[in-house]
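This report refers to the structure that appears directly beneath it.
Worth knowing before you read on, the calculation uses all heavy atoms, side chains too, and leaves out hydrogens, waters and symmetry mates. All chains are named by letter (A, B, ...) in the order of the sequence lines, taking the proteins before the strands, and each is independently numbered beginning at 1. Keep in mind the model is a prediction, meaning the values are calculated, not measured.
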Number of protein chains: 2
Amino acid sequence: MIARRKNRVVNPPEHCPLGQCLSIIGGAWTPNIIWYLSSQSRRFSELKDDLQGISPKVLTQRLRKLENEGIVNRKVMPTSPPTVEYSLSELGKELKPAIEAIVAVGEKLKKIKTAEAILGA
Amino acid sequence: MIARRKNRVVNPPEHCPLGQCLSIIGGAWTPNIIWYLSSQSRRFSELKDDLQGISPKVLTQRLRKLENEGIVNRKVMPTSPPTVEYSLSELGKELKPAIEAIVAVGEKLKKIKTAEAILGA
DNA sequence: CTGTATCCTTGGCGATACTG
DNA sequence: CAGTATCGCCAAGGATACAG
């Protein structure tokens with residue numbers, strides 16, 4: 001069930017093919033979180049550093065959501081001070097091709113725009 | 001330049017690899033619009049029908065934005081009543097692999113969750 | 001270090017009515 | 001048919017402070 005609130009449809013082009021997956025990777029930071037986790041597991045503050053500018057509140061929110069969806073694993077190390085390792089679950093790794101495709105297109109668009117700027121100006 | 005508002009960072013994990021592309025396909029309806037345009041060109045009301053539930057205001061907004069970004073082409077036919085054809089530009093077609101990857105992952109996740117529901121319950 | 005708690009702003013989107 | 005115009009909601013996210 002995709003997010004509904006009262007009778008207000010929040011998100012859902014449910015009948016369209018993309019809704020489900022996008023509700024996972026659709027946040028402002030989420031895809032980048034997945035991206036950084038895809039190459040290696042990271043600790044909370046490492047992610048916070050990777051995603052410079054994210055507030056701890058939001059990072060926690062995103063990670064909790066991803067954890068609940070079974071996309072990331074959270075592993076608390078019994079150290080002091082505590083360290084927590086986040087990593088992509090097997091399910092989470094399914095998202096990699098999509099993320100990679102987005103990244104690839106992003107790079108391509110950037111190149112095209114740069115070329116246009118040079119040629120056009 | 002990715003959307004900033006005053007000193008408030010709205011969207012931008014700019015330094016991360018995904019920001020640029022996601023700002024294009026990141027809306028609630030946008031990826032589906034691109035999806036429907038990817039197989040064939042569509043008229044305004046056809047899209048409105050495909051994306052059942054979208055308001056004309058939002059559809060116009062999205063299409064205008066995509067047009068400005070050079071993702072879609074808008075072609076007004078000199079008929080009465082007017083008909084307008086939207087299609088993906090060459091640039092827009094670059095987005096297809098990303099959208100397709102998202103769709104593919106979406107389907108896969110659905111299957112996995114379905115299987116889990118059957119096995120687990 | 002890894003988070004919670006609070007408060008606030010904002011832009012995306014819905015609903016509806018109207019126009020050329 | 002293909003849009004504009006208005007109004008208003010609200011959840012995502014920012015800033016900051018605090019806690020185990």
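Rounded to a whole Å, the CG atom of Leu22(B) is 12 Å from the P atom of dG13(D). The distance from atom CG of Leu47(A) to atom P of dT2(C) is 9 Å, rounded to the nearest whole Å. The separation between Lys48(A) atom NZ and dT4(C) atom C1' is 14 Å, rounded to whole Å. One atom, CG of Leu59(A), and another, P of dT16(D), lie 18 Å apart when rounded to the nearest Å. Atom NZ in Lys65(A) sits roughly 18 Å away from atom P in dG3(C) (whole-Å rounding). Phe44(B) has its CZ atom 17 Å from the P atom of dG20(C), to the nearest Å. What separates CZ of Arg74(B) from C1' of dA2(D) is a distance of 8 Å, to the nearest Å. For Glu85(B) and dC1(D), the CD to P distance is 15 Å, given to the nearest whole Å.
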Run Leu95(A) and Cys21(A) through side-chain contact (heavy atoms from CB on, under 4.5 Å) and show every step you take. CA-CA 9 Å; Leu95(A) 295 168; Cys21(A) 185; 4.1 Å; yes

Taking it one step at a time, do Leu59(A) and Trp29(A) satisfy side-chain contact (heavy atoms from CB on, under 4.5 Å)? CA-CA 8 Å; Leu59(A) 181 52; Trp29(A) 300 96; over 6 Å; no

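At least one side-chain nitrogen or oxygen of Tyr86(B) sits closer than 4.0 Å to the OP1 or OP2 atom of dG3(D). Taking 4.0 angstrom as the limit, Arg64(A) places none of its side-chain polar atoms (N or O) nearer than this to OP1 or OP2 of dT2(C). Remark: Arg62(B) is in phosphate contact with dC13(C), judged by side-chain N or O atoms under 4.0 Å from OP1 or OP2. An OP1 or OP2 oxygen of dC1(D) is reached within less than 4.0 angstrom by a side-chain nitrogen or oxygen of Ser45(B). Between Thr83(B) and dC1(D) there is no side-chain N or O to OP1 or OP2 distance below 4.0 Å.
The shortest distance between side-chain heavy atoms of Ile71(A) and Leu88(A) falls below 4.5 Å. Using a 4.5 Å cut-off on side-chain heavy atoms (C-beta onward), Phe44(A) and Leu63(A) make contact.
Here Lys111(A) does not pair with Glu107(A) in a salt bridge; the nearest charged N to carboxylate O distance is not below 4.0 Å.
Among the nucleotides dC1(D), dG14(D), dT6(D), the one closest to any side-chain atom of Lys57(B) is dT6(D). Here the side chain of Pro81(B) is nearest to one of dC1(D), dT4(D), dA12(D), namely dC1(D). The listed nucleotides are dC13(C), dA2(D), dA17(D); the one nearest the side chain of Trp29(B) is dC13(C). Each of dA17(C), dT16(D), dC13(C) was ranked by its minimum atom distance to the side chain of Val58(B); first place goes to dC13(C).
Between Gly27(B) and Arg43(A), the residue anchored closer to the 5' end of DNA chain C is Arg43(A), taking for each the nucleotide with the nearest heavy atom.
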